[in-house]
2 protein chains.
Amino acid sequence: MLATEKIEKKYDAAADCPIAATIDVIGGKWKPIIIWLLIQDTKRFGELHKFIPGIALKVLSRHLKEMEADGIIIRQAFAEVPPRVEYSLTEKGRSLTAIMQALAVWSNDNILGKE
Amino acid sequence: MLATEKIEKKYDAAADCPIAATIDVIGGKWKPIIIWLLIQDTKRFGELHKFIPGIALKVLSRHLKEMEADGIIIRQAFAEVPPRVEYSLTEKGRSLTAIMQALAVWSNDNILGKE
DNA sequence: CGGTATCCGTATCGATACTG
DNA sequence: CAGTATCGATACGGATACCG
């Protein structure tokens, strides 16, 4: 997006609403679980895949890349055989913990009892 | 009951992860802004449309219905000419205020300064 | 005024096969 | 082990026209 051009910028919910911007970071279909798992512990790619039933490899891979680009997780590859890659939260990622807990609490209070 | 028809329930992130469940409620593309506007004040359909640049009528309408179904907003129609419909938050909806603020704060601390 | 109906483009998710 | 490539399905958002 070039700021030098006086393009009549359309309002973009995700970019212009701070709340939506944060949801964008934690709001993919599987990102909450990934973050939640990493809050507890560093994990390898295969572990994440095992802990998250049903996620496609491609999707897991893309979510991890996005989260790395957003600066909330770190990817650490070890030059071994067989290869090992570990994912963990950055400080920024950890700073989401309180929010995650608040979201979980709200769910328990307002959604779980409903079904 | 056929054994083959055993309901092998697939893991559903949105339903089975409490965090994802809450994000589902507040996480549509425009829901955060809608909630934010309604936190400040009850608003009519047209007002919401005016306050949210670019949203399609259909999308606004659907989001409002979903939020009503989720129990976080109330739709109140007045039998007048011209018709008037007002949307406001329920108690449950208001209970999201703290979370919304936390999300906005996190965005200001971790996203806004970046671009 | 407050919507719904229709049609469409895109983004996102998913299963499987294959590679470094 | 840790991914990528490929193809397909579907959910989501958007523009416009029309109705009560």
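Every chain is numbered from 1 and lettered A, B, ... according to where its sequence line falls, protein lines coming before strand lines. In what follows, every heavy atom counts, from backbone to side chain, and hydrogens, waters and symmetry copies are set aside.
Take A/R84 and apply the side-chain hydrogen bond (donor to acceptor under 3.5 Å, both in side chains) test, not counting sequence neighbours, and it matches A/E80, A/E86. With sequence neighbours excluded, the residues satisfying side-chain contact (heavy atoms from CB on, under 4.5 Å) with A/A21 are B/S107, B/I111. With sequence neighbours excluded, no residue forms a side-chain hydrogen bond (donor to acceptor under 3.5 Å, both in side chains) with B/W36. Applying the side-chain hydrogen bond (donor to acceptor under 3.5 Å, both in side chains) rule to B/T42 yields no partners; only residues at least two apart in sequence or on another chain are considered. Contacts of B/V85 classified as side-chain contact (heavy atoms from CB on, under 4.5 Å), with partners at least two apart in sequence or in another chain: B/R75, B/A77, B/Y87. For B/W30, the side-chain hydrogen bond (donor to acceptor under 3.5 Å, both in side chains) criterion is met by no residue, not counting sequence neighbours.
What separates CD1 of A/I52 from C1' of D/dG3 is a distance of 15 Å, to the nearest Å. Between the C1' atom of D/dA11 and the CG atom of B/D12 lies a distance of 13 Å, rounded to the nearest Å. When rounded to the nearest whole Å, the span between CD1 of A/I23 and C1' of D/dC12 equals 16 Å. One atom, CD of A/Q76, and another, P of D/dA2, lie 13 Å apart when rounded to the nearest Å. Atom CG of B/L60 and atom P of D/dC12 are 17 Å apart (whole Å). When the P atom of D/dG3 is taken as reference, atom CZ of A/F78 falls 12 Å away, rounded to whole Å.
Remark on the helix from C/dC1-D/dG20 to C/dG20-D/dC1: inter-end axis angle 50°, axes from five-pair C1' superpositions, rounded to 10°.
Listed pair A/H63 / C/dC13 meets the phosphate criterion, a side-chain N or O lying under 4.0 Å from OP1 or OP2.
Of the residues in residues 25-43 of chain B, B/K29, B/W30 come within less than 4.0 Å of DNA chain D through at least one heavy atom, sorted by number.
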Identify all side-chain donor-acceptor contacts of residues 44-65 of chain B below 3.5 Å with residues at least two apart in sequence or on another chain.
from: B/E47; atom 1: OE1; to: B/R44; atom 2: N; distance (Å): 2.8
from: B/H49; atom 1: NE2; to: B/I55; atom 2: O; distance (Å): 3.4
from: B/R62; atom 1: NE; to: B/E66; atom 2: OE2; distance (Å): 3.4

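Within the 3.5 Å criterion, the main-chain N or O of B/I74 finds no donor-acceptor partner in the side chain of B/T90.
Contacts classified as salt bridge (charged side-chain N to carboxylate O under 4.0 Å, His left out) and involving residues 19-30 of chain B (residues at least two apart or in different chains) are not found.
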Distances under 3.5 Å between nitrogen or oxygen atoms of protein and nucleotides 2-6 of chain C:
from: C/dG2; atom 1: OP1; to: B/R44; atom 2: NE; distance (Å): 2.9
from: C/dG2; atom 1: OP1; to: B/R44; atom 2: NH2; distance (Å): 3.0
from: C/dG2; atom 1: OP1; to: B/V85; atom 2: N; distance (Å): 3.3
from: C/dG2; atom 1: OP2; to: B/G46; atom 2: N; distance (Å): 3.1
from: C/dG3; atom 1: OP1; to: B/R75; atom 2: NE; distance (Å): 3.2
from: C/dG3; atom 1: OP1; to: B/R75; atom 2: NH2; distance (Å): 2.6
from: C/dG3; atom 1: OP2; to: B/Y87; atom 2: OH; distance (Å): 2.8
from: C/dT4; atom 1: OP1; to: B/K65; atom 2: NZ; distance (Å): 2.5
from: C/dT4; atom 1: OP2; to: B/S61; atom 2: OG; distance (Å): 2.4
from: C/dT6; atom 1: O4; to: B/K58; atom 2: NZ; distance (Å): 3.4

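By the 4.5 Å heavy-atom criterion applied to side chains, B/S88 and B/I73 are not counted as neighbours. Looking only at side-chain heavy atoms (C-beta outward), B/D41 and B/K43 come within less than 4.5 Å of each other.
Closest to the side chain of A/P82, from the set D/dC1, D/dG14, C/dC1, is D/dC1.
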